[in-house]
Amino acid sequence: MKDDNKKAKLVTIGIALVLILIICGISVIVHSVRKGESMDSNSKLQSDIVDYANNGQEGSVTAENVVKEPEEPEKPQEPQEPEGQEAGSQDGLGDEGKLPAEAQEPSAPVEEPAVVVENTQMQAPESIMEEEAKKAGNTAENQQTTAKWQKEVSENLLTVEVDLPRQMSEMKGYWEAGNMKAVEDLAYLPRYRAASEKLSGTTKYYYFGDTDGQNRPNGKGLAMYTDNQYYYGEWKDGVRSGAGMWVKFYVYDQNAKAKDSLYLQHSYSGTWANDLPNGEGAEHYDFIDENLEEGVGYNRNYIGNFKNGLYHGDIYITNYYKGGNTKEWNGTATEGVWKALGNKDKEGRYPIITEVTNPENYQWMKSTENKNHGVEGLISAAK
């Protein structure tokens with residue numbers, strides 16, 4: 001009886017073990033099947049992602065070809081960069097650590113005031129001076145009937161023919177030779193005034209001379225401005241810098257009153273920086289003597305130091321009287337403001353300039369007028 005019970009237990013245990021093995025086997029098979037399905041699903045998903053990316057690239061290339069601007073020449077195809085990196089950049093930055101071009105703010109356009117006149121090497125056989133002399137000598141009708149500083153009644157500068165290369169070249173030649181009489185004669189001719197008139201209302205200028213790699217005035221050269229103004233001398237980086245001379249030539253209508261037509265020329269010679277008189281220099285006026293009042297002294301020369309076009313430091317002054325008499329004066333200014341030399345008078349004026357040979361004789365000025373004294377009328381983009 002006991003043996004039968006043992007056999008029964010052994011059979012039961014054996015059956016249980018067999019069932020356990022079968023269950024384990026089934027579990028292994030099921031797990032393997034599920035794993036295979038999962039792997040197939042991942043592979044398919046990865047394949048779908050690659051296909052989507054490829055389709056997106058093809059779509060971009062097609063769109064780029066269709067939208068290409070007709071004005072731009074076709075560029076050679078650039079090699080593709082690794083995904084997620086801008087072409088020609090590192091970590092989202094362009095060359096030399098700058099942002100890509102499309103991310104940078106556009107810089108404001110810089111207006112270049114110089115209109116550089118090229119030398120055509122096609123000079124006429126005779127000079128403009130000789131040509132004008134022949135024209136004036138041909139008939140009495142063509143002779144100048146007014147002073148050089150007076151416009152002809154029938155003058156129309158819009159109809160005057162201008163040849164900038166020839167005109168600038170000839171004036172520059174006389175200036176280089178130190179022949180200021182010839183420079184003056186040219187400046188009063190209608191063809192020169194007509195060229196200057198074309199610049200009216202601007203600070204632009206015609207330039208003839210040395211330039212740098214960016215075609216800016218650099219070295220020595222001649223500039224023509226509106227209002228019959230000229231500069232000849234040194235330049236640097238497109239502005240007047242170094243030693244040079246600026247001149248304005250005055251022209252009046254024939255009916256201008258004498259008191260409104262006193263000046264023939266106004267000039268400054270000396271050092272320049274930032275396109276303005278800076279450093280040692282001399283300002284000078286030439287007067288139309290016949291229009292000056294008797295017994296009145298007109299300040300003619302200011303010699304000393306300048307700062308941004310204004311008197312700055314000790315200034316030596318001469319004034320001029322009709323007929324040729326002169327007086328000498330001294331004054332001190334700080335950035336265009338004269339130093340007061342005493343108390344104001346009953347009219348509210350202060351003594352600012354004293355006569356060299358008579359220190360008790362002064363030139364007087366109201367405090368409201370005592371500002372911005374310097375080279376007046378000078379055309380410059382730096383003002």
Side-chain angles (χ1 to χ4, degrees), residues 143-153 155 180-181 183-185 187-188 193 227-230 245-270 281-304 306 310-311 314-333 336-378:
Q143 292 184 11
Q144 184 80 12
T145 58
T146 60
K148 60 183 175 182
W149 42 267
Q150 287 181 320
K151 301 176 184 177
E152 294 287 351
V153 174
E155 179 178 279
M180 295 307 296
K181 176 64 171 60
V183 169
E184 176 184 324
D185 289 340
Y188 281 109
R193 293 190 286 112
D227 202 26
N228 300 326
Q229 297 189 22
Y230 294 85
M245 180 179 184
W246 164 85
V247 182
K248 170 180 168 59
F249 299 94
Y250 290 81
V251 179
Y252 304 96
D253 292 328
Q254 291 190 25
N255 60 356
K257 296 179 180 180
K259 65 182 182 66
D260 297 326
S261 53
L262 299 177
Y263 305 107
L264 185 66
Q265 295 175 28
H266 179 197
S267 64
Y268 168 84
S269 298
E283 182 184 18
H284 174 78
Y285 288 92
D286 277 336
F287 300 103
I288 301 171
D289 202 77
E290 61 194 79
N291 290 347
L292 301 182
E293 293 185 43
E294 292 285 351
V296 176
Y298 298 86
N299 289 342
R300 186 177 192 179
N301 294 297
Y302 296 81
I303 303 171
F306 295 75
L310 303 174
Y311 308 138
D314 294 333
I315 306 294
Y316 169 75
I317 304 164
T318 66
N319 66 3
Y320 178 84
Y321 290 80
K322 186 173 184 176
N325 292 330
T326 62
K327 287 184 179 181
E328 299 174 87
W329 307 78
N330 284 321
T332 302
V337 177
W338 292 107
K339 178 182 177 182
L341 303 177
N343 298 323
K344 64 182 178 180
D345 62 8
K346 295 179 180 180
E347 298 179 15
R349 303 176 306 168
Y350 287 88
I352 57 166
I353 299 171
T354 183
E355 188 179 356
V356 172
T357 58
N358 181 9
E360 299 302 317
N361 189 23
Y362 298 102
Q363 293 187 29
W364 300 74
M365 182 179 291
K366 292 183 178 180
S367 58
T368 54
E369 302 170 344
N370 190 11
K371 58 184 177 180
N372 299 325
H373 290 282
V375 184
E376 295 182 358
L378 174 69

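- Closest heavy-atom contact between F306 and G281: CE1-O, 3.4 Å.
- Not counting sequence neighbours, K259 has no partner by the salt bridge (charged side-chain N to carboxylate O under 4.0 Å, His left out) test.
- Note: Y285 and Y263 have tilted aromatic rings, judged against thresholds of 30 and 60 degrees for the angle between ring planes.
- Partners of D314 under the salt bridge (charged side-chain N to carboxylate O under 4.0 Å, His left out) rule, at least two apart in sequence or in another chain, do not exist in this structure.
- With sequence neighbours left out, N330 forms a side-chain hydrogen bond (donor to acceptor under 3.5 Å, both in side chains) with no residue at all.
- Between the OG1 atom in T326 and the CD1 atom in I317 there is a gap of 13.5 Å [rounded to 0.5 Å].
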Considering only distance and modelled atom types, tabulate donor-acceptor pairs under 3.5 Å from the side chains of residues 360-369, sequence neighbours left out.
from: N361; atom 1: ND2; to: E355; atom 2: OE1; distance (Å): 2.8
from: Q363; atom 1: OE1; to: N299; atom 2: ND2; distance (Å): 3.3
from: Q363; atom 1: NE2; to: N299; atom 2: OD1; distance (Å): 3.3

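- With sequence neighbours left out, the ring-ring contact (aromatic ring centres under 6.0 Å, His included) criterion links Y302 to Y311.
- Taken from NZ in K339 to CD1 in I352, the straight-line distance is 13.0 Å, to the nearest 0.5 Å.
- For the atom pair CZ of R193 and CD of E155, the computed distance is 4.0 Å after rounding to the nearest 0.5 Å.
- Judged as a salt bridge (charged side-chain N to carboxylate O under 4.0 Å, His left out), and not counting sequence neighbours, the contacts of D345 are R349.
- The aromatic rings of F249 and Y188 sit perpendicular to each other, their planes meeting at more than 60°, with 30° as the lower class boundary.
- Expressed to the nearest 0.5 Å, how far CG of N228 lies from CD of Q265 amounts to 11.0 Å.
- Among all heavy-atom pairs drawn from G374 and E283, the shortest one is O-OE2, 3.7 Å.
- T354 places a side-chain N or O within 3.5 Å of a backbone atom of P359 that can act as its donor or acceptor partner.
- For K181, the side-chain contact (heavy atoms from CB on, under 4.5 Å) partners two or more places apart in sequence, or in a different chain, are N179, D185.
- Residues passing the side-chain hydrogen bond (donor to acceptor under 3.5 Å, both in side chains) test with Q229 are W246, sequence neighbours excluded.
- Across every non-hydrogen atom of L292 and K322, the tightest pair is O-CD, 3.2 Å.
- Within the 4.5 Å cutoff, no side-chain heavy atoms of L378 are placed close to those of Y268.
- With sequence neighbours left out, the side-chain contact (heavy atoms from CB on, under 4.5 Å) criterion links A258 to N291.
- With sequence neighbours excluded, the residues forming a side-chain contact (heavy atoms from CB on, under 4.5 Å) with Y321 are N319, N325, K327, listed by chain and number.
- Aromatic ring centroids of F287 and Y298 lie under 6.0 Å apart.
- Across all their heavy atoms, A282 and I303 have their closest contact at CB-CG1, 3.9 Å.
- Among residues two or more places apart in sequence or in another chain, the side-chain hydrogen bond (donor to acceptor under 3.5 Å, both in side chains) test is passed with S267 by none.
- Between the side chains of D260 and Y252, no donor-acceptor pair of N or O atoms lies under 3.5 Å.
- With sequence neighbours excluded, no residue forms a side-chain hydrogen bond (donor to acceptor under 3.5 Å, both in side chains) with E293.
- In this structure, the separation between NE2 on H284 and CG on N301 is 5.5 Å, given to the nearest 0.5 Å.
- Here CD1 of I353 is found 12.5 Å from OH of Y316. Values are rounded to the nearest 0.5 Å.
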